[in-house]
Undergrad: 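Handing you this structure, nothing more for now.
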Amino acid sequence: MSVAAESIRSDQAVATYPRRKQGLRLSTVALHAVLIFFCLVIILPLLWVVLMSVKPVTDAYSGKLLPSQLDLTHYGYALQRLPYIWRNFG
Amino acid sequence: MASTAIRSGVTYKSSRLYWLRDSINWLYVLPALFFFCLYMLYPIIEVIVISFTDYKFLSDKPMQFVGLTNFINALQDPLVHLGLWRALYFTLIFLPGVIFIPLFVAILVDRVSNPTLASLYRVILLIPAVIPGPMIFVLWRWMYDFEVGPINTVLVNYLHLFTYRNAPQWLGNSPLTIPAIAFVEWWWGLGYHTMFFLAGLAAIPRELFEAARVDGANEWQMFWNVTLPRLRPIFVILVVLRFGTAMAVIDEYIIMGGFNRALPTYTWTVYMWHLAFNIGDWFQGYAAAIGWIGAAAMLIVVGFLFYVFRDRD
């Protein structure tokens, strides 16, 4: 009796334990997919601003999303025209 | 005060010591009270006084007490009515999204078992909450730009869903304006409100879910019968707070719509600001009356909300 009960228990253990441990379930994938979607909604506008800051002006006004070349002149312009800009970080 | 004394294990024999204890408590409140009076109470009283006068900031005539004239005029002003309806329209679109989207996201983030990923999601969602409002609105004004904004660029140049003949006009005199501004507000507040709900979810004892599971409840039943009732206080606070801020929204309207009376962004707050600081002699008496009418309308709705959400237990 006890042997039979134990074998049943061990069968169950074999049947259930690995299934719970096994990597990605569909619900977990869906959970992360939805969360990554929301994170993208948050990040993409901010990423667009970062890209905008290194775009040549012509790219900015022709509606290109990616800069055709890296252009850091805007940073130089801002630092040169706003000498007090560092105060904002102090 | 008596309960505090008992809790701290000290019993006061004489009423004089009670008085001492009370006065020390007042001392702690004093700094907050000072700034409350200076920044909240004084302007409110000042606005009450101004609203009963014909005060014009740029006029050199002394101000006259005019009784209820400003209020009577403002109540008959069609622009005040229209402005209040426009603000209500924005509020009705904005409010469900700012409550239910963060609730949904909070429930998802709460289920992430990996602690590193869970905090990564929280940090990313909270990024907009640390950016000052006007910068958000300038950013999104460019995002919604008809020609060079990235949204229309993607729709036209990358996905080819529209051409520049029929691409959506997001801002300006278009039915999309108010939903577009509401979306900006959702984007801005997503992480912030998610934190509210995450705190609420963390405060629910795990035993309740375990007990429900033992009783055979499925996930959906647990959500309706355990999670939602426990989040009720947070719901009430958020609905009331966000209703108030949504009705009184002004900076996004001014940044995205300017002072064009034909636009749906010209609400009662913009009208008030426009009158007080931009038109003619700066009719601040009349603007103060409009402010009071708007505030009274909001207070009535907030009172109604508190009545609807009252504790029935």
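A, B, ... follow the sequence lines: proteins, then strands. Residue 1 opens every chain. Please read these numbers as outputs of a predicted model, since none were measured by experiment.
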Undergrad: Counting C-beta onward and ignoring hydrogens, is there a side-chain heavy-atom pair between B:Ile181 and B:Val249 closer than 4.5 Å?
TA: no
Undergrad: With A:Leu72, which residues qualify under side-chain contact (heavy atoms from CB on, under 4.5 Å), at least two apart?
TA: A:Val54, A:Tyr75
Undergrad: Scan the side chains in residues 131-138 of chain B for donor-acceptor partners under 3.5 Å anywhere in the protein, sequence neighbours excluded, and list what turns up.
TA:
none

Undergrad: Determine, stepwise, if the pair B:Leu171 / B:Leu263 fulfils side chain to side chain contact (heavy atoms under 4.5 Å, CB included).
TA: CA-CA 9 Å; B:Leu171 297 178; B:Leu263 294 183; over 6 Å; no
Undergrad: Pairs of donor and acceptor atoms under 3.5 Å between chain A and chain B, please, with atom names and distances.
TA:
residue	atom	partner	partner atom	Å
A:His32	ND1	B:Tyr121	OH	2.9
A:Val41	O	B:Trp187	NE1	2.9
A:Leu65	N	B:Tyr158	OH	3.4

Undergrad: State, with a plain yes or no, whether a side-chain heavy atom of B:Leu176 is found less than 4.5 Å away from one of B:Phe183.
TA: no
Undergrad: Using a 4.5 angstrom heavy-atom cutoff, name the option from B:Leu117, B:Val156, B:Leu139 with the most pairs to chain A.
TA: B:Leu139
Undergrad: Could you grab the distance from atom CE of B:Met40 to atom CZ of B:Phe35, nearest 0.5 Å is fine?
TA: 13.5 Å
Undergrad: Please identify, among B:Val148, B:Leu108, B:Val105, the residue contributing the most non-hydrogen atom pairs under 4.5 Å to chain A.
TA: B:Leu108
Undergrad: Below 4.5 Å from any heavy atom of chain B, which atoms of A:Val49 appear? Answer side chain, backbone, both or neither.
TA: side chain
Undergrad: Tell me, which pairs form a ring-ring contact (aromatic ring centres under 6.0 Å, His included) where one or both residues lie in residues 229-249 of chain B, sequence neighbours left out?
TA: B:Phe197-B:Phe235
